[in-house]
Each structure stands twice: as C-alpha cells, then as structure tokens.
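The structure appears right after this line, and notes come after that.
We number each residue from 1, following the sequence as shown. The structure displayed is predicted, hence computed values, not measured ones.
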Amino acid sequence: MESSLAITALGALAQTTRLETFRALVRHEPEGVPAGELARMLDVPQNTMSAHLATLSRAGLVTSERQSRSIIYRADLDGLRELTLFLLKDCCGGSTELCAPLIAELTPCCASEVEKS
C-alpha cells in the first residue's frame, strides 16, 4: 500500500460516523448491510450515510453490490488487511520481542470458534 492511500483510508476513518459505519460493517461480515439499514442502525439521515459510504469506498475500505432494489455494503477486508500491514510492516524496527504483545492481542479476536473452545 502506498502512503497516499493509507493517508486517505486513515482520513476516512478519522470521523465518528464513518468509523462507526466501518466497524458496523466489519461486525456484519460476510453478509453486509443495506445502506438504509446502516443509516437506521446509526441514526444518520440516508443522504448523509450515502456520503460517508462514498468516502469509505474511495478510501478502499468499503465495497458495494446491488441486490434487487438495495445496495449492500460490506467492509473491504482486503483493504483493512493492507492498511493494517502498512501500519505494522516495520513494527518496532524488526524487534520481535517488542511486536509480540501486539500480535498476541490481535490473534484472539481473529481465532475461530473451534479454536476458542
């Protein structure tokens, strides 16, 4: 990921409604959420939500797909992965003992239900 795209993505997330929208979409993966339902969930006018979704889409964080009369939005997990890797690529100058706690905290949130039991 180039710095300019990372800056765009971080800028898109640096606003409360867009951050809440993105987090809601991540929670609803992989099924996604229709735009109108997202607006209702977050108590945001639909036209305002559309503008926020467009910003997140341009930043490479959200994808959309038309299904009948609805547009279903999903978190772009590849975009999230690229942004996260961009931020962590040079983690702690390669000192694994400094990065280990960060990696350890990320791992449980992504463990499958089978691994958790």
Enter the distance from Ile72:CD1 to His28:NE2 here, rounded to the nearest 0.5 Å. 11.5 Å

Can you tell me how far the CG atom of Leu13 sits from the CG atom of Leu80, to the nearest 0.5 Å? 8.5 Å

Using side-chain heavy atoms (C-beta onward) and a distance below 4.5 Å, is [X] in contact with [Y]?
{"X": "Arg23", "Y": "Leu19", "answer": "yes"}
{"X": "Met49", "Y": "Thr21", "answer": "yes"}
{"X": "Thr55", "Y": "Leu61", "answer": "no"}
{"X": "Leu5", "Y": "Phe86", "answer": "no"}
{"X": "Leu53", "Y": "Ile71", "answer": "no"}
{"X": "Leu85", "Y": "Glu82", "answer": "no"}
{"X": "Leu25", "Y": "Asp76", "answer": "no"}
{"X": "Tyr73", "Y": "Val33", "answer": "no"}

Given the options His52, Glu37, Glu20, Leu42 meets side chain to side chain contact (heavy atoms under 4.5 Å, CB included) only with Glu20

Above 12 or not: heavy atoms from other molecules or residues under 6.0 Å from CG of Asp43? no

Taking atom CD as the centre, does Gln67 end up with more than 12 heavy-atom neighbours from other residues, nucleotides or ligands that are less than 6.0 angstrom away? yes

Glu65 with Arg74: basic N within carboxylate O range, under 4.0 Å: yes

Verify, without hydrogens or angle tests, whether Glu2 (side chain) and Ser4 (backbone) share a donor-acceptor contact under 3.5 angstrom. no

Linking I/L/V/M/F/W/Y whenever any side-chain heavy atoms sit under 4.5 Å apart, do Leu38 and Leu77 land together? yes

What closest approach, in Å, do [X] and [Y] show between heavy atoms, and which atom pair accounts for it?
{"X": "Ala75", "Y": "Glu29", "value": "N-OE2, 3.1 Å"}
{"X": "Phe22", "Y": "Val62", "value": "CD1-CG2, 4.3 Å"}
{"X": "Ala39", "Y": "Gln46", "value": "CB-CG, 3.8 Å"}

